[in-house]
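Here's the structure we're looking at; comments come further down.
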2 protein chains.
Amino acid sequence: MGNLYRFVEPVLLFLLKRKGHSYGYELSGQLTEFALTDAEIEAAALYRTLRQLEKNGFVRSEWDSGHGGPARRLYMLTEQGEEHLDEWLAVLDHMSKSMAHFVDVARVALVEPETHEEVVAVTGGLG
Amino acid sequence: MGNLYRFVEPVLLFLLKRKGHSYGYELSGQLTEFALTDAEIEAAALYRTLRQLEKNGFVRSEWDSGHGGPARRLYMLTEQGEEHLDEWLAVLDHMSKSMAHFVDVARVALVEPETHEEVVAVTGGLG
DNA sequence: TTCGTTAGATGCAACTTGCACCTAGGTGTC
DNA sequence: GACACCTAGGTGCAAGTTGCATCTAACGAA
């Protein structure tokens with residue numbers, strides 16, 4: 001589960017899925033739009049993540065130079081990459097729900113410290 | 001934002017808030033119950049996180065040896081720690097929502113690839 | 001005295017990250 | 001031509017983080 005921290009990986013996989021194919025420099029612009037945290041994504045991290053994804057077989061790439069400007073490394077999802085995105089979505093879905101639940105339980109404990117025990121008992125632990 | 005990765009920090013802060021005070025070994029048992037990911041928490045990570053929290057002024061500790069067995073380092077939240085927990089809850093709340101939204105948008109793109117452009121346009125980007 | 005449990009901690013290799021920097025193709029302009 | 005700037009993809013390195021193994025030590029039970 002590389003790069004869980006900033007969630008660069010799933011967003012890259014999704015962007016590639018949506019666009020069909022793209023390259024690092026272009027993806028770096030769209031990452032901000034879909035970033036899951038406020039933390040900025042370093043270009044270095046982006047390029048390294050793409051190479052890592054390729055090394056793991058989730059994307060493949062080819063050079064594209066017919067457009068003016070320096071050559072681009074065009075990335076696209078592999079079949080494994082689609083499955084990996086699917087797995088990521090399951091993980092993020094689960095995390096999202098656990099997180100929301102945690103926030104609920106913790107907020108109750110903060111606002112009404114004298115009644116939190118009962119509330120935790122009613123709502124149960126995290127999923 | 002240390003230890004965002006496993007979310008050890010906010011859960012520790014919450015557990016201390018709820019119990020009033022506790023120590024590493026005891027906390028390690030409850031961490032699993034409230035863990036936000038399936039990844040297991042190393043005891044080493046737990047102890048190091050507690051020391052880091054103390055270094056940053058979010059918790060304070062004192063030795064407790066009146067109980068049989070080796071002395072425990074009893075931790076409790078500081079006022080700064082309560083504020084920090086509050087900030088964490090805001091961050092997690094935001095992340096949780098962004099994540100849920102991302103999963104929604106991405107799932108639509110996966111299931112109905114031919115219509116995803118319109119759906120993305122309707123639902124907008126992430127929060 | 002030896003073993004198991006509780007409790008806290010460290011050493012180290014491997015990995016990740018952020019920052020600075022580099023290479024290189026192309027365009028505009030003086 | 002000389003230069004600045006934009007696009008595009010990277011690398012080097014110091015600093016930080018993590019996981020695993022290991023260590024110390026107090027106490028109770030056999």
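Within every chain, numbering begins at 1; the chains are lettered A, B, ... in the order of the sequence lines, protein sequences first and strands thereafter.
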What is the distance from [atom1] of [X] to [atom2] of [N], rounded to the nearest Å?
| X | N | atom1 | atom2 | result |
| --- | --- | --- | --- | --- |
| A:E26 | D:dC6 | CD | P | 19 Å |
| A:Y47 | C:dA20 | OH | C1' | 16 Å |
| B:K55 | D:dT17 | NZ | P | 8 Å |
| B:L27 | C:dA9 | CG | C1' | 16 Å |
| B:E62 | C:dG8 | CD | P | 13 Å |
| B:H67 | D:dC27 | NE2 | P | 9 Å |
| A:Y23 | C:dG25 | OH | C1' | 14 Å |
| A:E42 | D:dG9 | CD | P | 16 Å |

Should B:Y25 be listed as having a side-chain N or O under 4.0 Å from OP1 or OP2 of C:dT6?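 Yes, B:Y25 has a side-chain N/O under 4.0 Å of OP1/OP2 on C:dT6.
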OP1, OP2 of C:dA9 versus side-chain N and O of B:R73: anything below 4.0 Å?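 Checking B:R73 against C:dA9: at least one side-chain N or O falls below 4.0 Å of OP1 or OP2.
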Using 30° and 60° as the class boundaries, would you call the ring planes of A:F58 and A:H84 parallel, tilted or perpendicular?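 A:F58 and A:H84: parallel rings.
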Under 3.5 Å, side chain of A:S61 to main-chain N/O of A:R73, donor-acceptor pair present?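 No, because the side chain of A:S61 does not come within donor-acceptor range (under 3.5 Å) of the backbone of A:R73.
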With a non-hydrogen cut-off below 4.0 angstrom, is B:R51 in contact with a base, only sugar-phosphate, or nothing?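 If one applies the 4.0 Å heavy-atom cut-off, B:R51 turns out to touch the sugar-phosphate alone, with no base involved.
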Sugar-phosphate, base or nothing in reach of A:A44, heavy atoms under 4.0 Å: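 Base: the residue A:A44, judged by heavy atoms under 4.0 Å, touches a nucleobase.
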Starting from the 5' end of DNA chain C, give me the residue, A:P70 or A:Q52, whose nearest nucleotide shows up first.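 First, find each residue's nearest nucleotide; the 5'-ward one identifies A:Q52.
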Between B:G69 and A:R48, which residue's closest nucleotide on DNA chain C lies nearer the 5′ terminus?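 Nearest nucleotide further toward 5': that of B:G69.
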If the threshold is 4.0 Å, N to carboxylate O, is there a salt bridge linking A:E26 and A:R72?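 No, this pair does not count.
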Which of these, B:T49, B:V59, B:I41, sits in a side-chain contact (heavy atoms from CB on, under 4.5 Å) with B:L12?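 The passing option is B:T49.
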Nearest 0.5 angstrom please: B:L85 CG to B:R18 CZ, how far?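 Rounded to the nearest 0.5 Å, the CG-CZ separation comes out at 12.0 Å.
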